[in-house]
2 protein chains.
Amino acid sequence: MPNGYNAPMEMLARKLDSIARIADADREALLALPHTVRNLPARHDIVRFGDRPNQSCLVLQGWVYRYSALAEGGRQILSFYIAGDLPDLQSLHLHRMDHNLATLTSCVVALVAHDDLRAVLLKNPGLAATLWRDSLIDAAHYRERITSLGRRQALGRVAHMFCELYLRQKAVGLTRGLSCPLAPKQSELADSLGLTSVHLNRVLRTLRGRGLVTLGGGILTIENWHALAEVAEFDPTFLHLANNAAPAHPTVETV
Amino acid sequence: MPNGYNAPMEMLARKLDSIARIADADREALLALPHTVRNLPARHDIVRFGDRPNQSCLVLQGWVYRYSALAEGGRQILSFYIAGDLPDLQSLHLHRMDHNLATLTSCVVALVAHDDLRAVLLKNPGLAATLWRDSLIDAAHYRERITSLGRRQALGRVAHMFCELYLRQKAVGLTRGLSCPLAPKQSELADSLGLTSVHLNRVLRTLRGRGLVTLGGGILTIENWHALAEVAEFDPTFLHLANNAAPAHPTVETV
DNA sequence: CGGAGCATTGAACATCTTCAATAGCGGTGG
DNA sequence: CCACCGCTATTGAAGATGTTCAATGCTCCG
């Protein structure tokens, strides 16, 4: 469940735990990182194309998404981020934004100055390696999205996205049984999957009709993991979770 | 011109120069990196899904590509790499391969042991930052590909890919005027653009018909950069080239 | 000359989009 | 409490873009 957070940096530590083993010294350095906590309203740009941020943002609560805007008002959503994610860690080394970052829901974020972050990473190479790893996992997510967009049909694409969002939330403790929050609206899912919202809606009907998922009230429930993963040709390797958190059949589990 | 290379690591230094300013100490550390040079035949897997490489490979000559294999024999090409690129730098921190890496043409590559690389990066944080930056630029390329696959039509997708491949080669000195090598065959371009080779072929005909490009003998010639970039909605920001190497109109230039 | 591997073309078909309308749902003001 | 508003979801029908299948051409090379 969308439980709160204690110390802000703890949320990050928890996320990093899901992708690597963190040394104690690194954890302490992380927890001591200076930061500012901010509440942001939903559907609000955090950084925009062309910006040169001097801080990185960490999601503590809510959903954030990354998108690129096209001519004709079109938009491609590149990725979704949830609590614990560091959506613009990249601005530490890529100084000019080549896309936009925005809140999907209302959010609580922590802002960390690049200078502070650089100083801490210089003293803690292990932590630097972990964050580098995190950004490489981000890239792995992109690769999988490319595969989806390029070679999967709409049904598989949607199924794949659901598998991914479920497991990522599970890895940081945001699921309950086979249910998890699903903040994006249909039009936003469509913009992230290269579909129109009309067609996405039809695909959702099919998934429901086949008894694979249930949707409603911002909650996704996976009714049949095995069948869903099969439709999606889902293989969790690309998530690079430390404990290989992809259950063969996450059927009945009490969280 | 596909010119040769001097010291292997020099090719890498040249590539890194195109994306960042390298300190002298870092450059020397780089040039001193222990490595093995290898000749590889065309269409040959370098590392495969599931592998756990203990070295990273650097392309000195030829083209390399990254792909994921799907059921039904399908394949999605995720990206192409050219001389100077470090296509599996990522394996330094992502221990298990979640996709495949293969040669497109016959290649000369340099192999660098992870242990050696780690040692050098530990002593040269500036170099580590540059390589981190390089991997973030790799991710930026993925993002742009996602945008193409999700929201551009076939014509724009192909045009965009040509703009990208031309500029990337230009950045490391592999172009001559408005021409550059184009190693992928039509079926490979198609697999990277989420199209069938049949449809790609038709799109190429259109591009030729409109006088935007000429293709032949493994050489791409851009006949009208401005029009091509317009069809592609191409913005070079995502390449993150140090000298913003995207010419407004790279019309007549002698290299 | 013959063959292999690509490139090119045609025709029928599938998937997904577009345009447009209707339905549902949650919240607000009277 | 109820009518209304705004936003999202849902549905239908027509059309566009891209696929599939199958055949032919082209070019390089032994």
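The sequence lines fix the lettering, A, B, ..., with proteins before strands; numbering per chain opens at 1. Because the structure is predicted, anything quoted here is derived from the model rather than measured. All values below were derived from every heavy atom in this structure, side-chain atoms included, with hydrogens, water molecules and symmetry-related copies excluded.
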What are the residues of residues 204-212 of chain A, sorted by number, that bring a heavy atom to within less than 4.0 Å of DNA chain D? A:Arg205, A:Arg208

Hey, does B:Gly217 reach any base, or is it just sugar-phosphate, or nothing, if we go heavy atoms under 4.0 Å?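 Contact class for B:Gly217: none.
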
Can you pull every protein N or O that's under 3.5 Å from an N or O on nucleotides 20-24 of chain D?
none

Starting from the 5' end of DNA chain C, give me the residue, B:Pro184 or A:Gly194, whose nearest nucleotide shows up first.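 Its nearest nucleotide lies further toward 5', so the answer is B:Pro184.
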
Length of the line joining [X]:[atom1] and [N]:[atom2], which is rounded to integer Å:
X        : N      : atom1 : atom2 : value
B:Leu155 : D:dA16 : CG    : P     : 17 Å
B:Leu200 : D:dG18 : CG    : P     : 11 Å
B:Leu215 : C:dT8  : CG    : P     : 9 Å

According to a strict under-4.0 Å criterion, is A:Asn201 in side-chain N/O contact with OP1 or OP2 of D:dT10?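 Answer yes for this pair, as a side-chain N or O of A:Asn201 is under 4.0 Å from OP1 or OP2.
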
With no hydrogens and no angle check, do the side chains of B:Thr221 and B:Thr214 hold a donor and an acceptor under 3.5 Å apart?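 No - no donor-acceptor pair under 3.5 Å links their side chains.
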
Side-chain H-bond candidate by donor/acceptor type, A:Arg66 with A:Gln76, under 3.5 Å: no

Write down the atom of A:Met97, the atom of A:Arg48, and the distance for their closest heavy-atom approach. CB-O, 3.3 Å

Please confirm whether the backbone N or O of B:Val109 pairs with a side-chain atom of B:Gln61, one donor and one acceptor, at under 3.5 Å?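 No: the side chain of B:Gln61 does not pair with the backbone of B:Val109.
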
Residue B:Arg75 excluded, over 12 heavy atoms near CZ under 6.0 Å: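 Yes, because the 6.0 Å sphere around CZ of B:Arg75 holds more than 12 heavy atoms from other groups.
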
I'd like to know whether CZ of B:Arg38 has more than 12 heavy-atom contacts from other residues, nucleotides or ligands below 6.0 angstrom.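 At most 12 heavy atoms, drawn from other residues, nucleotides or ligands, come within 6.0 Å of this atom.
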
What class does the angle between the rings of B:Tyr65 and B:Phe80 fall in, given that below 30° is parallel, 30 to 60° is tilted and above 60° is perpendicular?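 Correct class here is tilted.
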
Are any of the side-chain nitrogens in B:Arg157 or B:Glu233 under 4.0 Å away from the carboxylate oxygens of its partner?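 Here B:Arg157 does not pair with B:Glu233 in a salt bridge, since their nearest N and O are not under 4.0 Å apart.
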
Could you please name the option among D:dT10, D:dG18, C:dA7 that lies closest to any side-chain atom of B:Leu195? D:dG18

